[in-house]
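Every chain is numbered from 1, with letters handed out A, B, ... down the list of sequences.
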2 protein chains.
Amino acid sequence: MKAEEISRKLIDKKLKVTPQRIAILEAIINLNNHPTAENIVEYIRKNHPNISVATVYKVLDALVDSRLIKKVKTERDIMRYDGVVESHHHIYCSDSDRIEDFNDNELNELLEKYFEKKKIPDFKIEDIKLQIIGKYIKTK
Amino acid sequence: MKAEEISRKLIDKKLKVTPQRIAILEAIINLNNHPTAENIVEYIRKNHPNISVATVYKVLDALVDSRLIKKVKTERDIMRYDGVVESHHHIYCSDSDRIEDFNDNELNELLEKYFEKKKIPDFKIEDIKLQIIGKYIKTK
DNA sequence: TTTTAAACGATAATAATTCTCTTATAATAA
DNA sequence: TTATTATAAGAGAATTATTATCGTTTAAAA
């Protein structure tokens, strides 16, 4: 994704455009595998060696608040981030830290219909995410 | 749940039975709302004032390893634990830390059938969990 | 170009969790 | 029942991810 395109995202959210913010958002999008803050720092330092860890955390917070990125739920104590903000599901590998995206409109419609029919009492659903847990199998 | 019943669970998993382990497992089951380590310490200290925080963490780890409890995925940096090990779903309140269990066999069957038909390439599914995110609404 | 509110960077502080090491105890054998 | 031994518990230090502080810099509006 071009820097200009990323600037636009920031401007749309009324965030001040800085080289750090562009680099961080770009990193999350390019590293497209739910990076940690540390992964992001490491990636950015290649072109931007002086960026501070504190800045990365602050920018990540700002991006989450503006809904340009999302936090990913895990059962580890390291936060991970997701550049895909459209509702989608996650495949969790049960013997590594790999998390893959899973998109399936047929499934989304199925779920939507299901919960229209069978409401949860006193609860307004905002989003439904699947965590698909399992293992990648070697083929051949 | 009676202490005896809890002892049996530990023995079945070949874990040494100690008052601390019984108290911790009992706490998780009684506190049935996905407590944090801190919640557990607080609860246990009422009857067991000298228990060490380190012990609680060590026991929690052992219980997770033996699959007597599970970690709950959240997007906060505080770990939460779940005494219900049977596969089930979670309702996350989007404006508090509340996490409720959600059980629905019809839904499970629906999902099972769906993924039987539509396999994920090179992936063996072990479990599917829904995260239902939304808000509780006040009635009346 | 000037102004200024906001962001950055460095480092200290915090908080959850893990580690280390000594003492205590549950389970097993005698 | 008592002795033995491996394992667990307790206390506090250490670690690690994240957050806060504060002086300096900078983006963007005037």
Side-chain angles (χ1 to χ4, degrees), chain A residues 3-4 6-28 34-42 44-45 47-66 68-69 71-81 97, chain B residues 3-4 6-28 34-42 44-45 47-66 68-69 71-81 97:
Chain A
E4 211 174 285
I6 289 172
S7 290
R8 172 108 339 259
K9 283 172 184 279
L10 292 169
I11 292 166
D12 286 349
K13 297 292 186 179
K14 306 196 194 319
L15 292 174
K16 196 182 274 192
V17 178
T18 67
Q20 292 86 346
R21 286 179 170 176
I22 292 173
I24 290 164
L25 192 44
E26 198 169 35
I28 295 166
H34 313 95
T36 63
E38 203 192 343
N39 296 151
I40 294 165
V41 170
E42 208 178 311
I44 292 177
R45 288 231 166 114
N47 298 312
H48 217 291
N50 297 318
I51 198 161
S52 158
V53 174
T55 299
V56 172
Y57 278 102
K58 276 182 283 195
V59 170
L60 287 170
D61 265 7
L63 297 176
V64 170
D65 284 351
S66 311
L68 284 171
I69 64 171
K71 292 184 171 186
V72 178
K73 291 184 168 65
T74 74
E75 48 191 49
R76 310 268 331 279
D77 54 0
I78 300 167
M79 191 57 63
R80 296 177 65 165
Y81 298 88
D97 288 337
Chain B
E4 211 173 285
I6 289 172
S7 291
R8 172 109 338 259
K9 283 172 184 277
L10 293 168
I11 292 166
D12 286 349
K13 296 292 184 179
K14 305 196 193 321
L15 292 174
K16 197 183 273 192
V17 178
T18 68
Q20 291 86 344
R21 285 178 171 177
I22 292 172
I24 291 165
L25 193 43
E26 199 169 34
I28 295 165
H34 313 95
T36 63
E38 203 193 340
N39 296 151
I40 294 164
V41 170
E42 208 178 309
I44 291 177
R45 287 232 166 113
N47 298 311
H48 217 290
N50 297 319
I51 198 161
S52 158
V53 174
T55 300
V56 171
Y57 278 102
K58 275 182 285 195
V59 169
L60 287 170
D61 265 7
L63 297 176
V64 170
D65 284 351
S66 311
L68 284 172
I69 63 171
K71 292 185 172 185
V72 178
K73 290 184 172 64
T74 75
E75 47 192 50
R76 310 271 330 280
D77 54 1
I78 300 167
M79 190 57 62
R80 297 178 64 165
Y81 297 90
D97 288 337

Short side-chain N/O contact to D:dT18 OP1/OP2 from A:Y57, under 4.0 Å: yes

Where do N or O atoms of nucleotides 5-8 of chain D meet protein N or O atoms at under 3.5 Å, pair by pair?
unit_1, atom_1, unit_2, atom_2, d
D:dT7, O4', B:K16, NZ, 3.3
D:dA8, OP1, B:R21, NH1, 3.4
D:dA8, OP1, B:R21, NH2, 2.9

End axis versus end axis in the helix from C:dT1-D:dA30 to C:dA30-D:dT1, the angle rounded to 10°, five pairs used at each terminus: 40°

Donor-acceptor pairs under 3.5 angstrom involving side-chain atoms of residues 6-14 of chain A: please list them, not counting sequence neighbours.
unit_1, atom_1, unit_2, atom_2, d
A:S7, OG, A:A3, O, 3.1
A:K13, NZ, A:S66, O, 3.3

Protein-nucleotide distance (A:L63, atom CG; C:dC8, atom P), rounded to Å: 10 Å

Side chains of B:Y81 and B:V64 in contact at under 4.5 Å (non-hydrogen atoms): yes

With B:E42 via salt bridge (Lys or Arg N to Asp or Glu O under 4.0 Å) - residues at least two apart: none

Nearest-nucleotide 5' precedence on DNA chain D, A:K58 against A:V53: A:V53

For atom CG of A:D77 and atom P of C:dA15, their distance in whole Å: 16 Å

Indicate every side-chain donor-acceptor pair of residues 16-28 of chain B with a distance under 3.5 Å to a residue at least two apart or in another chain.
unit_1, atom_1, unit_2, atom_2, d
B:T18, OG1, B:R21, N, 3.1
B:R21, NH1, B:K16, O, 2.9

Toward the 5' end of DNA chain C, by each residue's nearest nucleotide, B:M79 or A:A54: A:A54

Side chain B:R80, main chain B:H34, donor-acceptor under 3.5 Å: yes

Below 3.5 Å is the cut-off: list the nitrogen or oxygen pairs between protein and nucleotides 28-30 of chain C, distance only.
none

